[in-house]
Protein chains: 2
Amino acid sequence: MAVTIHDIAKKVGVSPSTVSRVMNGKAAISSETKEKIFAAMEELNFHPNSLARNLATGSSQAIALVINAEDTKSFANQFFNRSVFGIEQVAQARGFNLIITNDDSSSVSPIEQLVYAKKADGIIIPPSIVSQKLMNRLLKLRFPFVILGEPGISKNEVNWVDVNNSQGSELAVQHLAAQEYRSIAFVGESQELVFMRNRVAGFRSGLEAQHLALKDGFISECDGTSETACQSALDLLSRDHRPDAFICSDNAIAYGVISAVKKRGLRIPQDVGIVTFDNYPLARYTEPNLTAVDIDTFLLGEQAAMILFKTIEENGNRQQMLINTRLYERESTNRKN
Amino acid sequence: MAVTIHDIAKKVGVSPSTVSRVMNGKAAISSETKEKIFAAMEELNFHPNSLARNLATGSSQAIALVINAEDTKSFANQFFNRSVFGIEQVAQARGFNLIITNDDSSSVSPIEQLVYAKKADGIIIPPSIVSQKLMNRLLKLRFPFVILGEPGISKNEVNWVDVNNSQGSELAVQHLAAQEYRSIAFVGESQELVFMRNRVAGFRSGLEAQHLALKDGFISECDGTSETACQSALDLLSRDHRPDAFICSDNAIAYGVISAVKKRGLRIPQDVGIVTFDNYPLARYTEPNLTAVDIDTFLLGEQAAMILFKTIEENGNRQQMLINTRLYERESTNRKN
DNA sequence: ATGGCTAATGCAACCGGTTGCATTAACCAT
DNA sequence: ATGGTTAATGCAACCGGTTGCATTAGCCAT
């Protein structure tokens with residue numbers, strides 16, 4: 001078997017507890033013994049067994065990110081990659097491991113595993129699996145958790161981090177107004193989704209701030225595919241007073257809107273301007289390429305992890321955070337230069 | 001504190017070992033006591049503490065996926081998402097956790113943490129961090145590992161899973177030949193990358209199988225950006241005997257090639273056919289949309305995990321596996337219908 | 001009746017650390 | 001000299017399971 005604390009103790013001629021204390025930098029140990037212990041650890045190639053340590057301290061030294069493979073839309077895909085990196089970085093800096101676990105409806109809640117079996121000291125969960133029941137249970141157990149997105153319920157009672165969706169819409173409107181677009185429409189998915197509601201709210205307040213009217217029917221819902229987005233845009237463009245700009249809730253929708261504009265024989269950006277949420281994966285590659293409201297998902301993950309650790313350490317913290325977006329200007333709105 | 005095995009034992013009036021055995025289904029226990037124990041576990045809401053169990057059994061019940069955030073190209077991005085899901089699914093089915101840890105050059109090898117501190121029972125690592133030293137160390141420790149991609153070194157001595165890149169190229173050539181393209185070029189990245197070498201090899205053997213000549217300079221290397229890919233394609237298209245088809249090593253390259261073809265005033269697919277590796281993220285959305293060699297990354301992850309578990313269980317297994325690709329036919333090669 | 005066998009369960013050591021309390025020795029002030 | 005203090009370290013219990021070996025009781029064959 002591997003080298004243990006006892007082997008070190010025996011070699012140096014001290015007790016295991018002394019070795020433990022040296023290893024953890026706790027209590028006062030004479031620098032003489034310290035050095036001998038370090039030397040022995042080096043020589044025997046000692047590595048503390050984290051399983052033993054975890055049991056003794058009652059901590060798993062891990063946090064978990066719960067994902068929902070079924071929910072390909074909101075977080076699973078786009079956000080996933082870089083936010084995982086952000087979370088991992090924060091965890092690693094604290095010597096914690098990051099566990100990833102899928103919790104779709106088919107499995108017998110892996111969250112319970114993590115929580116009850118003490119496999120994690122805290123969890124980050126997507127809004128799509130948040131239920132009142134789950135939240136209540138976690139709160140009652142005082143088990144640290146952060147929601148990666150604004151939850152639809154009890155938003156003031158739990159920790160969460162989200163993109164500032166309404167600010168993103170405002171930014172888009174402001175930019176379009178500056179480019180002298182006056183008749184702006186919004187194409188997105190169902191407003192049953194929290195982030196959609198926030199984007200629409202920002203769209204409204206953005207229009208107000210720019211003293212622009214929200215025309216009837218200019219908030220259009222589709223199912224998120226390019227095809228239905230295209231249809232929605234075609235409908236709007238066939239009106240007497242058609243939009244001269246679109247804000248699209250994601251790249252696939254924007255792609256559909258571009259097709260619609262082209263079908264109607266209109267030019268982008270001269271006749272119609274387009275801004276899309278998300279700078280990925282298409283925005284750079286469409287024709288013309290797209291001005292985009294970009295979301296820093298690395299930062300999102302990072303902040304979620306920070307809040308989680310704060311909760312783990314302080315135990316009783318409650319925090320919400322919005323990450324501001326920024327605009328990447330590209331051809332699709334470049335009317336003036 | 002939480003309910004332990006001792007609480008159950010006391011309540012039922014048996015010894016902790018009996019409870020343990022019932023929990024694990026080991027040894028013969030009378031169905032009478034079994035039932036009483038199950039009832040007590042239910043009543044007290046007992047959940048075994050995995051930290052204790054792990055220490056006792058000497059297993060962490062976790063596998064780890066090492067990622068390399070610096071290596072955005074080969075695996076980190078595209079493959080990451082769905083292969084993680086595949087790995088996780090296999091792990092979850094076995095009651096294992098999946099740990100994700102980043103190992104870039106800046107950190108003091110988290111792999112050592114995982115291995116020496118016994119935080120994982122096995123690891124999956126990307127080729128980009130595989131060194132001879134690391135492999136030797138893992139082999140010597142008999143620590144189970146699988147490489148997620150064919151390694152550049154010692155490929156016969158270690159476990160790995162990879163996309164069948166050469167078969168992918170062959171598939172592409174075969175399809176192009178069937179569409180009566182005769183002068184096929186390949187645009188990819190540096191052949192220092194193992195997967196590139198395999199794709200080029202498949203390209204060559206595919207041409208041979210179709211009795212097509214490989215023209216001089218028709219294997220073109222760029223740095224992987226659309227811009228340099230476009231330049232490479234422009235060069236090839238300005239030759240006396242220009243290619244009538246391109247196989248592109250990824251979507252960004254294909255995008256550059258499309259631009260080049262359009263710049264030369266040629267039509268796709270009539271004058272020039274294009275096949276790209278990867279069905280994501282652009283293939284569906286380019287103009288025209290792209291015939292693609294698709295890689296099932298979920299399956300890739302799944303198989304990697306399967307091999308890892310086999311190694312963990314059988315201890316001494318050695319296995320390599322190639323995942324075949326399949327072709328999605330789209331407009332960019334649709335010359336005949 | 002008796003020895004042998006098996007099924008059911010307990011005992012206690014063990015996994016490898018952590019930590020509260022006790023102990024010892026040295027030093028200081030009175 | 002004596003009591004008090006502090007620095008350095010050991011003892012032993014503990015974290016919550018697992019498991020080899022021992023024990024007991026019941027049953028069967030001789």
Side-chain angles (χ1 to χ4, degrees), chain A residues 1-38 40-41 44-62 95 97 113-121, chain B residues 1-38 40-41 44-62 95 97 113-121:
Chain A
M1 275 266 124
V3 182
T4 74
I5 217 178
H6 298 91
D7 300 325
I8 305 292
K10 196 178 296 173
K11 183 170 177 76
V12 177
V14 295
S15 78
S17 36
T18 303
V19 178
S20 170
R21 287 191 253 260
V22 168
M23 196 166 64
N24 296 297
K26 288 188 180 171
I29 305 288
S30 75
S31 50
E32 192 186 1
T33 33
K34 251 188 217 170
E35 272 167 39
K36 277 196 279 184
I37 288 173
F38 281 130
M41 296 200 306
L44 300 182
N45 192 28
F46 168 77
H47 292 266
N49 181 322
S50 63
L51 303 175
R53 181 185 295 205
N54 290 348
L55 174 59
T57 58
S59 139
S60 64
Q61 295 292 102
N97 277 128
Q113 275 302 306
L114 295 170
V115 174
Y116 288 120
K118 302 202 189 308
K119 294 202 164 196
D121 297 342
Chain B
M1 276 267 122
V3 182
T4 74
I5 217 178
H6 297 90
D7 301 325
I8 306 292
K10 197 179 297 172
K11 182 170 178 78
V12 177
V14 295
S15 78
S17 36
T18 302
V19 178
S20 170
R21 286 191 254 260
V22 167
M23 196 165 63
N24 296 298
K26 289 188 180 171
I29 305 289
S30 74
S31 49
E32 192 187 1
T33 33
K34 251 188 217 169
E35 271 168 39
K36 277 196 278 183
I37 288 174
F38 280 131
M41 296 201 303
L44 299 182
N45 192 28
F46 168 77
H47 292 265
N49 181 323
S50 62
L51 303 176
R53 182 186 296 209
N54 291 347
L55 174 59
T57 59
S59 140
S60 65
Q61 295 291 104
N97 277 128
Q113 275 302 305
L114 295 170
V115 174
Y116 288 120
K118 302 201 190 307
K119 294 200 165 198
D121 297 341

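Computed over heavy atoms, backbone and side chain alike; hydrogens, waters and symmetry mates excluded. Order of the sequence lines sets the chain letters (A, B, ...), proteins ahead of strands, with each chain counted from 1.
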Can you name the residues that form a side chain to side chain donor-acceptor pair (under 3.5 Å) with B:Ser15, not counting sequence neighbours?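 Once residues adjacent in sequence are excluded, the partners of B:Ser15 under the side chain to side chain donor-acceptor pair (under 3.5 Å) criterion are B:Ser17, B:Thr18.
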With sequence neighbours left out, what residues match B:Ser50 under side chain to side chain donor-acceptor pair (under 3.5 Å)?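 Counting only residues at least two positions away or on another chain, B:Ser50 forms no side chain to side chain donor-acceptor pair (under 3.5 Å).
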Rounded interatomic separation in angstrom, taking [atom1] from [X] and [atom2] from [N]:
X: A:Met23; N: C:dT18; atom1: CE; atom2: C1'; result: 9 Å
X: A:Lys26; N: D:dA7; atom1: NZ; atom2: C1'; result: 19 Å
X: A:Asn49; N: C:dG16; atom1: CG; atom2: C1'; result: 6 Å
X: B:Ile5; N: D:dG17; atom1: CD1; atom2: P; result: 5 Å
X: A:Asn24; N: C:dT19; atom1: CG; atom2: P; result: 7 Å
X: B:His47; N: D:dG16; atom1: NE2; atom2: C1'; result: 15 Å
X: B:Asp7; N: D:dG17; atom1: CG; atom2: C1'; result: 13 Å

Output all residues satisfying side-chain contact (heavy atoms from CB on, under 4.5 Å) with [X], sequence neighbours left out; order by chain, then residue number.
X: B:Asn49; answer: A:Lys118, B:Leu51, B:Ala52
X: A:Asp121; answer: A:Ser59, A:Ser60, A:Gln61, A:Phe96, A:Ile312
X: B:Lys10; answer: none

A:Lys11: salt bridge (charged side-chain N to carboxylate O under 4.0 Å, His left out) partners, not counting sequence neighbours: A:Glu43
Look up atom [atom1] in [X] and atom [atom2] in [Y], then write down how far apart they are to the nearest 0.5 Å.
X: A:Ile29; Y: A:Lys36; atom1: CD1; atom2: NZ; result: 12.5 Å
X: A:Ile8; Y: A:Met23; atom1: CD1; atom2: CE; result: 9.5 Å
X: A:Arg21; Y: A:Ile37; atom1: CZ; atom2: CD1; result: 10.5 Å

In short, the helix from C:dA1-D:dT30 to C:dT30-D:dA1 is bent end to end, axes from five pairs each side, to 10°, by 50°
Which residues within residues 51-61 of chain B lie with some heavy atom under 4.0 Å of an atom in DNA chain C? B:Leu55, B:Ala56
What salt bridge (charged side-chain N to carboxylate O under 4.0 Å, His left out) pairs are there with at least one residue in residues 26-35 of chain A, not counting sequence neighbours? none
Set of ring-ring contact (aromatic ring centres under 6.0 Å, His included) partners for A:Tyr116, sequence neighbours left out: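 Residues passing ring-ring contact (aromatic ring centres under 6.0 Å, His included) with A:Tyr116: B:His47.
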Have a look at B:Ser20 and say if it touches a base, only the backbone sugar-phosphate, or nothing, with a 4.0 Å heavy-atom cut-off. base
Anything under 3.5 Å between a protein N or O and an N or O of nucleotides 8-12 of chain D, put it in a table, one pair a line.
residue, atom, partner, partner atom, Å
D:dT9, OP1, A:Ser30, OG, 3.3
D:dT9, OP1, A:Thr33, OG1, 3.3
D:dT9, OP2, A:Ser30, N, 2.8
D:dT9, OP2, A:Ser30, OG, 3.3
D:dT9, OP2, A:Thr33, OG1, 2.9
D:dG10, OP1, A:Ser15, N, 3.4
D:dG10, OP2, A:Ser15, N, 2.8
D:dG10, OP2, A:Ser15, OG, 3.0
D:dG10, OP2, A:Thr18, OG1, 2.4
D:dG10, N7, A:Arg21, NH2, 3.1
D:dG10, O6, A:Arg21, NH2, 2.8
D:dC11, N4, A:Ser17, OG, 2.9

